[in-house]
Amino acid sequence: MKFAIVGGGPAGLYLSILLKRQDPAHEIGVYERNPEGSTYGWGVTYWAGLLDKLRDGDPESAAAVAEASVTWTDGVAIVRDERTVHRGDAGFGIGRRRMLALLAERAEQLGVRVRFEHEVTGPDAPELADADLVVAADGVNSVLREAHAGHFGGEVASGRNPYVWLGTTKVFDSFSFAFKETEHGWIWCYAYGFSGERSTCVVECSPETWTGLGLDTLGEADSLRLLEKLFHDLLDGHELIGRGRADEPAQWLTFRTLTNRVWHRGNLVLLGDAAHTTHYSIGAGTTLALEDALALADALRGLGSGDGHRDLDAALTTYGKRRRAELVSAQSAARYSAQWYENLPRYMRLEPAQMFALLGQRHSPLLPHIPPQLYYRIDRAAGQLESLRRLKRWLGPRVARAVHGRR
């Protein structure tokens, strides 16, 4: 078969690897509009379960990603200048640029044609004309999806809080948070290492805090200096690094959650951020995109016998249904996580250790409906009593359904 994969992000590259491993005779081209080595973002996070799946898909690229990753086991939070530690499962970080380079190298080693600075402008592009399958892996602003927007039924919900994606020379050995109260409200930072030289810092605040601090008008250099002062104890004197020029506006965004009703049209199928996005605060975007690639490759396995058109449609339908079902849990967790941060002042009256404990519970559908102090006590008790744990598991989905049913 001939495959045209539009977008050279982790999902598109990994899919090309999986398909070539299934059948070396496949003709596969990956078309990436940006130059080689240029990428948005600093580092990505993932957990051990993803590595196990990657090893099953392609042991060679999984080993390369694992070797290039850094590991942490604890979470650290600075709340009102008080530092608290939460013990947790091991997490991993890797530079996005490094991950893409490893996947591109592996893909080319297997015979995939990876073309950088090659923009596909729409579904009628000549690169796609004779492809048996066209994969739209071209991100949340996918031109291929938007050309048939009515068919895919995409919906976008914009978050409330501004955020900015930064790097720093401070190397964090744990997933770290800092919450700072200013005269204009709270501002906070998530930080994690992704190499021996750099870490990612994501800064977020309410719209009122953003404008009150002047971050809506400051250039990038002045924004970075202000944020360095606010988070001086987290950064230990290290600098923050932006993506733009010093005299340009800082690149603040609001997160857009994308969903699509269906994921394919004819021989065009959506993958990764072109199909769905989940709020960055659960750290699952790259993991979910790679899991899309695994599911799509699995659905396409052995394709070609019988009626090719019917086989392809059935495979793509199976893929879309499977992934939409598997994403329900992650999308729910992301929605509640984003809402937790949007309602941060509700939790900041707690003692720092209690607040940090509820930070770990932010995915719960119960938490928004129970006073934080009471929820904390119930959660502590549930750690000792199985009956309370069962009650929490039973109540959560029912509260969520009741709330959404009223909307």
Side-chain angles (χ1 to χ4, degrees), residues 45 72-91 160-161 163 170 172-193 199 201-210 212-213 227-236 279-283 333-393 395-396 399-400:
T45 60
W72 66 85
T73 55
D74 296 334
V76 175
I78 300 173
V79 185
R80 297 193 194 89
D81 302 323
E82 180 176 329
R83 186 180 295 262
T84 183
V85 177
H86 175 73
R87 306 298 177 188
D89 297 331
R160 186 173 68 90
N161 289 350
Y163 72 97
K170 159 85 175 186
F172 291 92
D173 57 7
S174 60
F175 204 109
S176 301
F177 303 84
F179 298 85
K180 297 295 179 178
E181 189 172 20
T182 74
E183 62 180 318
H184 303 288
W186 289 91
I187 186 169
W188 54 96
C189 176
Y190 325 73
Y192 56 89
S199 297
C201 288
V202 183
V203 178
E204 182 182 343
C205 60
S206 71
E208 296 78 15
T209 303
W210 186 58
L213 292 173
L227 295 175
E228 286 168 357
K229 290 178 182 178
L230 287 170
F231 297 108
H232 64 91
D233 49 355
L234 178 74
L235 295 170
D236 292 329
H279 195 262
Y280 55 83
S281 63
I282 68 168
R335 181 173 62 251
Y336 284 111
S337 179
Q339 291 173 358
W340 191 93
Y341 286 107
E342 291 177 352
N343 293 285
L344 185 74
R346 182 174 188 258
Y347 305 99
M348 299 311 293
R349 292 187 294 273
L350 298 171
E351 293 298 317
Q354 295 177 352
M355 178 266 173
F356 196 21
L358 293 196
L359 172 65
Q361 292 285 314
R362 66 189 183 278
H363 310 144
S364 167
L366 284 176
L367 183 53
H369 308 288
I370 297 177
Q373 186 70 54
L374 176 59
Y375 185 97
Y376 175 79
R377 292 173 180 171
I378 293 172
D379 186 60
R380 296 303 94 181
Q384 306 297 321
L385 297 173
E386 174 60 26
S387 58
L388 271 178
R389 286 198 293 273
R390 289 199 301 268
L391 178 62
K392 281 182 65 183
R393 290 194 295 267
L395 275 176
V399 169

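Considering only heavy atoms from C-beta on, Ile78 comes within 4.5 Å of Lys180 through its side chain. Looking only at side-chain heavy atoms (C-beta outward), Cys189 and Leu234 come within less than 4.5 Å of each other. Counting heavy atoms from C-beta outward, Pro207 and Asn161 have side chains that approach closer than 4.5 Å. Contact check for Pro365 versus Tyr336: side-chain heavy atoms found under the 4.5 Å cut-off. At a threshold of 4.5 Å between non-hydrogen side-chain atoms, the residues Val76 and Phe172 do not count as touching. Within the 4.5 Å cutoff, side-chain heavy atoms of Met355 are placed close to those of Leu344. The side-chain heavy atoms of Leu359 and Trp340, taken from C-beta on, include a pair separated by under 4.5 Å. Taking the side chain as every heavy atom from C-beta outward, Leu213 and Cys205 never approach each other to under 4.5 Å.
Atoms CD and CD1, from Gln361 and Ile370 in turn, are 10.5 Å apart once rounded to the nearest 0.5 Å. The CZ atom of Phe231 lies 4.5 Å from the CD1 atom of Ile187; values are rounded to the nearest 0.5 Å. The CD atom of Glu181 sits 9.5 Å away from atom OG1 of Thr209, with the distance rounded to the nearest 0.5 Å. Considering CD of Glu204 and CH2 of Trp188, their distance stands at 5.0 Å, rounded to 0.5 Å. Note that OH of Tyr347 is 13.0 Å distant from CD of Gln373, once rounded to the nearest 0.5 Å. Interatomic distance, CG of Leu367 versus OH of Tyr376, reported as 13.5 Å (0.5 Å rounding).
Under a 3.5 Å cut-off, the side chain of Ser199 and the backbone N or O of Lys170 do form a donor-acceptor pair. Between the side chain of Glu342 and the backbone N or O of Arg160, at least one donor-acceptor pair lies under 3.5 Å. Although no hydrogens or angles enter the test, the distance criterion places no donor-acceptor pair under 3.5 Å between the side chain of Asp379 and the main chain of Tyr375.
Other residues, nucleotides and ligands contribute over 12 non-hydrogen atoms within 6.0 Å of the CG atom of Asp233. Few gaps surround NE2 on His363; more than 12 heavy atoms of other groups in view lie less than 6.0 Å from it.
Heavy-atom minimum distance, Thr45 versus Gly283: OG1-O, 3.2 Å. Residues Ala357 and Arg380 share a closest heavy-atom pair of CB-NH2, 4.1 Å. Nearest heavy atoms, Pro372 versus Leu358: O-CD1, 3.5 Å. Taking both residues in full, the closest heavy atoms of Trp72 and Ser174 are given as CB-CA, 3.7 Å, listed atom of the first, atom of the second, then distance. Of all the heavy atoms in His184 and Gly212, the pair that sits closest is NE2-O, 3.1 Å.
Using bins of under 30°, 30° to 60° and over 60° for the plane-to-plane angle, the ring pair Phe177/Phe179 lands in the parallel bin.
Of the N and O atoms on the side chains of His279 and Ser281, at least one donor lies less than 3.5 Å from an acceptor on the other residue.
In this structure, the ring of Tyr190 has its center no less than 6.0 angstrom from the ring center of Tyr163.
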